[in-house]
J.: 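Below is a structure I'd like to ask you about.
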Amino acid sequence: MIKDGRFILDGMENVVINIGKVTTEEELAEQEWEPMGPTPKPGILSLRNWDHRLLKDFPPSYAPICDMCCLCTYGKCDLTGDRKGACGIDIKAQQARIVLIACCIGTAAHAGHANHVLHELIRWHGRNHPIDMGPYIDVEAPIIRTVVGTIPKTLGDLEDVLGYVNQQLVHAVSSAHTGQEGSYIDFESKALHISMIDNLAKEVADIAQIAGFDFPKGDPDAALVEFGFGAVDRTKPIIVFIGHYPAVSVATIDYMEEHGLSDKMEVCGICCTAIETSRYRASAKVIGPLSMQHFFVRSGIADVLVLDEQCVRTDLLEQAQKTGAPLILTTDKICYNLPDVTNRNPDDVVSDLLNGAPGVLISDPLKAAEVITKIALEIKPKRDNLKHLPTEEEVVEYAQTCTECGWCDRACPHSLPVREAMVAAKKGDLNKLSDLFSPCMSCGRCESECERDIPVISMIVKAAQDIAFGETYTMRAGRGPVLDTEIRKVGAPLVLGEIPGIVALVGCSNFPNGEVEVAKIAEEFAKRNYIVVATGCSAMAMAMYRCEDGQTLYEKYSGAFDAGGVVNIGSCVANAHIIGAAIKVAAIFARIPLRGNFEEIADYILNKVGACGVAWGAMSQKAASIGTGTNRWGVPVIVGPHGSKYRRALLSNKELSEWELYDKKAKEVVPGEPAPEHLMYPAETMEEAIVAIAKFCIRPSDNAKGRQIKLFNYVDLYKKYMGTLPPDLHHFIRKEADIPITMKSEIMEHLKEAGWAPRKAIGDPSRIEPAEGGASA
Amino acid sequence: MRAYQSANVPGPHVGKVASSGIIANAIKKAMRPVLIIGSDIKHLDWMRSLAEEMDIPTVATAHIAGAMRENGFNPDRVLGAIEITNLLESPKWTGIRGEGQHDLAIFAGVKYYLEAQMLSALKNFAPHITTITLSPGYQPNADLSIPNLNEGEFDELLAKVTDALSIESFRYSQTVNLIKCTECGDCVLACEKEHGIARIRLSEKQVPVLCLHCLPDKAKCAAACEVDAIRDESGILVVDSELCTGCGACEEACPAGHIYVGSDGVAHKCTLCVDSERIIPACVTACRDGAMMYGVTEKRKKTAKKG
């Protein structure tokens with residue numbers, strides 16, 4: 001079977017002709033794995049109907065954080081109320097435009113990571129390096145299959161996927177230029193599109209990492225990694241990697257192993273690089289999530305700081321200089337005006353750093369590894385006698401310079417009581433400063449505002465030293481994708497509701513009360529037999545918590561993707577595997593073809609897979625694209641109260657909306673239910689979020705038994721936090737058999753008051769109504 | 001005034017810092033107010049008495065409903081902060097009691113930055129609603145906000161609001177800051193839109209000629225009226241156009257040159273919109289330079305506080 005156009009090459013063996021790629025036998029075989037669906041490599045317009053349907057059921061609700069537009073020199077333009085800017089844009093479209101720009105930045109950060117890591121791995125292993133996800137994963141790249149319509153077999157195949165990713169980014173960013181798109185709905189559609197591309201880029205990045213670095217391939221029993229400031233052995237030279245690009249930490253570990261130095265040095269990480277590094281070697285220590293970055297650097301424990309890319313504080317050069325630790329930059333994303341010494345002799349670079357150069361940029365991970373290792377060994381003895389944190393007496397002295405103006409409280413993004421802690425510290429009581437350690441995410445805005453230059457962050461670390469350095473925890477190393485065998489086991493109970501849902505804790509864990517709330521959410525749902533999955537900073541946040549019996553969540557709960565599991569999938573890019581798991585439920589359990597078939601898959605997930613994403617401390621643009629992409633696949637997302645500053649929520653309104661679904665079995669439009677009720681929802685408190693998670697896992701496909709289980713959890717949690725039955729309960733009861741048996745009498749009473757009448761369960765719920773002529777609308 | 005979180009700067013349109021009198025007056029004026037209580041609430045007892053005494057329906061956001069019930073304060077509805085905001089934006093919604101969309105939303109205890117977002121949404125997308133915040137930090141997105149107060153000052157302010165809510169008659173005042181005024185005439189236009197015929201006119205120098213809001217028993221216009229058409233309504237003088245004969249005696253008597261007989265043959269004077277559904281006077285809202293101010297005090301003082 002030879003495709004048209006290949007004949008041209010016959011008889012021209014001696015001539016090198018580059019016309020794209022020659023189709024190999026394997027590729028031809030691959031082309032036959034499934035017939036191509038309607039939307040391979042979709043452009044912005046290809047899935048627009050799906051977006052518009054989503055946005056009809058969950059219309060955007062905007063809360064501008066700024067009433068102006070300052071993006072072009074027509075402006076500043078005041079868009080308050082019904083005003084328009086000089087280009088004609090109104091305030092809703094402007095909010096949606098900022099959402100799109102945020103999602104593009106987030107997608108670019110993940111796609112940048114993917115491009116970067118893939119090219120480095122191709123340099124190490126070649127384009128033909130195989131992608132092998134182990135014996136238990138046949139559907140190894142569900143997002144690539146669904147969106148692009150290919151099965152990647154080698155690293156080189158992933159490069160082709162990234163070509164498509166990069167092209168989509170160009171188009172999406174382009175439409176945010178002054179004077180292009182003017183409709184908020186279509187800005188949102190583009191944001192949904194590019195955020196789906198974000199998810200695709202993350203899958204490419206993580207598959208490349210698993211293949212190239214030999215990370216765990218979906219191992220439910222991945223190792224338990226030591227975690228926390230206290231886990232670091234301070235007698236050894238300490239190297240700390242910050243950010244999210246594992247090539248440098250992996251290369252450094254390899255270099256140490258080759259030179260027999262592994263036992264003599266500590267390799268630690270903060271943020272996603274920490275997760276990636278511990279996926280490579282479980283001996284690497286994880287210090288903590290993003291919120292710990294500033295605290296840890298201030299403590300001065302690190303002998304060498306290595307920055308790669310993504311969630312890194314931008315003032316770490318200044319911070320590192322305060323502690324005398326050299327700073328090694330390793331990617332083009334962060335340059336800090338430091339010299340690029342990639343091509344210099346590593347020993348000369350080490351000598352410069354020993355002689356006081358504050359930092360260097362080395363863009364080749366293999367060269368960086370040598371410098372990092374050597375400088376750590378050499379500088380350790382010189383740093384031993386340096387003091388980084390103030391003494392307790394000095395903390396009190398600093399506090400005594402405080403005039404109690406209160407601007408620290410006003411500068412704090414979370415309005416933490418900094419002044420109160422200073423007032424107590426003046427009298428020698430450091431407990432209130434210490435209490436700030438957990439809820440504070442060490443952003444340092446208080447210090448920056450202080451007219452007396454009081455080093456609040458250093459004072460908090462000092463006051464909390466027993467907690468900060470005394471406690472160590474454990475985190476299960478990121479396991480990677482969910483196994484097909486696991487999906488086979490949970491597919492039916494998930495779709496029928498008997499496993500009440502998948503709760504996916506992703507993104508940053510900064511707000512509102514630090515890491516502990518993410519952990520408590522995880523514990524609440526693991527106890528209730530939901531499948532709890534986590535990635536990135538949330539996966540790390542969950543480690544910093546002990547259950548009543550003293551165990552960490554990862555010690556107490558299984559790492560299997562099953563009811564009652566607490567599963568660390570991996571870093572932020574690994575959260576593609578969470579969407580991948582939902583896709584695999586459709587593919588493996590329901591046998592829906594994936595190839596180029598986005599809309600049918602997303603419709604299946606939205607109506608039948610009870611999953612809820614939670615980005616509790618979401619801060620970054622990456623979190624914007626992660627969440628928005630998750631939405632396009634049909635999974636609702638809850639963000640914390642700061643998430644309201646993303647400017648838009650996607651909310652239905654059960655008081656004002658008609659709830660309509662299409663029953664594919666009965667072939668008719670039928671009354672639906674608010675399940676899920678919202679698609680993007682900022683919750684004010686953890687307790688509110690917990691109740692909402694239980695509610696957002698309800699799906700029209702639940703059978704009576706499944707609905708009973710989901711409603712039991714919803715009602716039980718609502719009663720726990722609000723003290724009554726949920727007032728909207730009647731919306732979720734189709735017939736008496738849906739009512740949890742132990743709650744029957746009180747619920748029946750509520751239903752009577754609400755004027756409830758039974759309704760038919762929907763045979764095969766869908767949001768895609770066939771248009772005339774049979775094509776989907 | 002700087003916002004409590006000082007970077008919370010929304011744009012050119014910022015709300016006013018309100019006195020206890022202005023707040024009490026707005027609450028009393030509202031036809032269908034709603035009280036929204038958030039998770040950081042620290043004055044539940046005060047809020048309960050406000051809701052009970054003024055008969056205001058309450059919404060509990062987040063999970064504060066549990067704590068409210070423990071305090072014997074049963075919220076009328078439990079909704080997410082973003083959900084109630086979304087409902088308030090919709091002109092179709094008929095409110096907590098089904099009596100029609102609310103005209104005043106009073107916020108208390110929602111986390112500062114979340115409340116800022118809710119208020120921003122209402123400012124931009126719910127022109128039918130006036131917003132007040134009763135949390136102790138200036139919120140530029142609220143129409144009427146508390147200034148930046150410490151705990152003790154905030155307690156004092158709430159006590160003053162309580163006093164002001166219980167009195168029958170306010171003392172009103174209005175001023176225009178002539179340095180800020182650009183003589184644009186927006187106040188006159190807004191007044192005309194609200195009342196059919198503009199009650200404020202511009203002077204020869206193009207600045208608005210305002211009513212002095214004399215004490216009703218001392219006002220020259222009312223004293224001059226032979227048919228008692230200028231009546232005291234809770235401290236403000238309102239012309240009864242049914243009774244007014246258009247004789248012009250009031251116009252002659254007014255020391256400020258404010259009240260006048262219009263082309264329709266009856267007298268017109270400013271009422272600070274107490275005789276309309278507006279909670280904040282139309283001219284005050286219309287003035288984009290923030291030059292137009294009004295004051296409401298609970299006590300009959302000679303000089304009124306500025307709003």
Side-chain angles (χ1 to χ4, degrees), chain A residues 59 61-68 76 78-83 91-92 95 406-407 409-415 445 449 511-512 640-645 647 649 651-656 677-678 681-692 718-724 726-728, chain B residues 2-14 38-40 60-70 74-75 77-83 85-87 89-90 92-94 109-127 137-138 140-141 148 150 288:
Chain A
S61 173
Y62 295 107
I65 197 167
C66 173
D67 299 336
M68 294 186 288
K76 302 178 175 180
D78 173 19
L79 307 176
T80 317
D82 53 7
R83 286 172 182 77
I91 194 156
K92 278 194 177 179
Q95 302 317 299
W407 276 92
D409 290 7
R410 292 176 65 175
C412 177
H414 197 53
S415 305
R445 245 161 61 174
E449 188 70 46
F511 299 118
H642 280 267
S644 62
K645 291 188 275 186
R647 300 165 173 80
L651 305 179
S652 79
N653 207 325
K654 51 181 185 273
E655 310 209 9
L656 300 171
E677 185 174 359
H678 304 307
Y681 182 75
E684 186 178 347
T685 58
M686 173 191 75
E687 294 84 351
E688 182 192 359
I690 287 175
V691 174
Y718 196 95
K719 278 174 146 180
K720 179 172 167 183
Y721 295 116
M722 313 286 192
T724 60
D728 60 357
Chain B
R2 283 250 217 140
Y4 176 75
Q5 284 194 339
S6 68
N8 178 24
V9 180
H13 299 262
V14 295
S39 60
D40 277 354
T61 71
H63 67 291
I64 198 67
M68 285 171 72
R69 289 196 182 97
E70 279 168 23
N74 286 325
R77 288 290 296 275
V78 178
L79 288 165
I82 297 292
E83 288 178 313
T85 308
N86 199 36
L87 284 169
E89 279 177 41
S90 168
K92 281 195 295 184
W93 191 46
T94 54
V110 179
K111 287 183 195 299
Y112 180 85
Y113 50 88
L114 178 59
E115 191 176 292
Q117 292 303 95
M118 299 168 71
L119 290 165
S120 164
L122 296 177
K123 178 177 84 176
N124 280 294
F125 307 119
Y138 175 51
N141 282 318
N148 295 315
N150 66 31
R288 283 173 282 180

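Below, chain A is the first sequence line, B the second, and so on; all start at residue 1.
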J.: Could you tell me whether the side chain of B:Ser90 reaches within less than 4.5 Å of the side chain of A:Asn653, counting heavy atoms only?
T.: no
J.: Do A:Leu656 and B:Leu87 touch side chain to side chain, with heavy atoms closer than 4.5 Å?
T.: yes
J.: Are any of the side-chain heavy atoms of A:Asp67 and B:Ser120 separated by less than 4.5 Å?
T.: yes
J.: Restricting to non-hydrogen atoms, name the atom on A:Tyr62 and the atom on B:Phe125 that form the minimum distance, rounded to 0.1 Å.
T.: O-CE1, 3.4 Å
J.: Who among A:Pro64, A:Ala689, A:Pro641 has the most heavy-atom pairs with chain B under 4.5 Å?
T.: A:Pro64
J.: Might you point out which heavy atoms bring A:Ser652 and B:Asn86 nearest each other, and give the distance in Å?
T.: O-ND2, 4.3 Å
J.: How close do A:Ala63 and B:Gln117 get, counting heavy atoms only, and between which atoms?
T.: O-NE2, 2.9 Å
J.: When rounded to the nearest 0.5 angstrom, what is the spacing between CD in B:Glu115 and OG in A:Ser644?
T.: 11.0 Å
J.: Hey, what do you get for CD1 (B:Ile64) to CD (A:Glu688), rounding to the nearest 0.5 Å?
T.: 11.5 Å
J.: Checking B:Ala3 against chain A: side chain, backbone, both or neither under 4.5 Å from a heavy atom?
T.: backbone
J.: Would you mind checking which part of A:Pro726 comes under 4.5 Å of any heavy atom in chain B, side chain (CB onward), backbone (N, CA, C, O), both or neither?
T.: neither
J.: As an exercise, state the distance from NZ of B:Lys92 to CD of A:Glu655, rounded to the nearest 0.5 Å.
T.: 11.5 Å
J.: Mind ranking A:Pro727, A:Cys412, A:Gly723, A:Pro682 by heavy-atom pairs under 4.5 Å with chain B and telling me who comes out on top?
T.: A:Pro682
J.: Could you tell me the separation between the NE2 atom of B:His13 and the CZ atom of A:Arg83, rounded to the nearest 0.5 Å?
T.: 3.5 Å
J.: Do other residues, nucleotides or ligands put more than 12 heavy atoms under 6.0 Å from A:Asp82 CG?
T.: no
J.: Looking at every non-hydrogen atom in both residues, tell me the closest pair between A:Tyr681 and B:Ile82 and how far apart they are.
T.: CE1-CB, 4.5 Å
J.: Check each atom of B:Arg77 against the heavy atoms of chain A and say whether the ones under 4.5 Å are side chain, backbone, both or neither.
T.: side chain
J.: Please round to the nearest 0.5 Å and tell me the distance separating atom OH of B:Tyr112 and atom CZ of A:Arg410.
T.: 8.0 Å
J.: Among B:Val110, B:Leu119, B:Thr94, B:Asp40, which residue forms the greatest number of heavy-atom pairs with chain A at distances under 4.5 Å?
T.: B:Val110
J.: Of the backbone (N, CA, C, O) and the side chain (C-beta and beyond), which part of B:Glu89 lies under 4.5 Å from a heavy atom of chain A, both, or neither?
T.: side chain
J.: Looking at chain B, which one of A:Ala692, A:Gly643, A:Pro413, A:Ala683 has the largest number of heavy-atom pairs inside 4.5 Å, strictly under?
T.: A:Pro413
J.: For chain A, find which of B:Ala121, B:Pro127, B:Ala126, B:Gly38 contributes the most heavy-atom pairs closer than 4.5 angstrom.
T.: B:Ala121
J.: Output all residues satisfying side-chain contact (heavy atoms from CB on, under 4.5 Å) with B:Ala65, sequence neighbours left out; order by chain, then residue number.
T.: A:Met722, B:Ala60, B:Arg69, B:Pro75, B:Val78
J.: Could you tell me if the side chain of A:Trp407 sits less than 4.5 Å from the side chain of B:Ser6, heavy atoms only?
T.: yes
J.: Can you tell me which portion of A:His642 sits under 4.5 Å from chain B's heavy atoms? Options are side chain, backbone, both or neither.
T.: both
J.: Less than 4.5 Å to any heavy atom of chain A: does that hold for the side chain of B:Asn148, its backbone, both, or neither?
T.: side chain
J.: Which atoms of A:Ala649 are under 4.5 Å from chain B, going by heavy atoms: the side chain, the backbone, both sets, or neither?
T.: side chain
J.: Run the salt bridge (Lys or Arg N to Asp or Glu O under 4.0 Å) test against A:Asp728 and tell me which residues pass, sequence neighbours left out.
T.: A:Lys654, A:Lys695
J.: Under 4.5 Å heavy-atom distance to chain B, tell me which part of A:Lys76 shows up: side chain, backbone, both or neither.
T.: neither
J.: According to the interplanar angle, ranging from 0 to 90°, do the rings of B:Tyr113 and A:His414 count as parallel (below 30°), tilted (30 to 60°) or perpendicular (above 60°)?
T.: tilted
J.: Pick from A:Met686, A:Arg647, A:Lys92: which one has the most heavy-atom pairs with chain B under 4.5 Å?
T.: A:Lys92
J.: Hey, what do you get for OG1 (A:Thr80) to CZ (B:Arg288), rounding to the nearest 0.5 Å?
T.: 11.0 Å
J.: Based on non-hydrogen pairs under 4.5 Å, which of B:Ala116, B:Gly80, B:Ala62, B:Gly66 is most in contact with chain A?
T.: B:Ala62
J.: Counting heavy-atom pairs under 4.5 Å to chain A, which of B:Ala67, B:Ala81, B:Pro12 comes out on top?
T.: B:Pro12
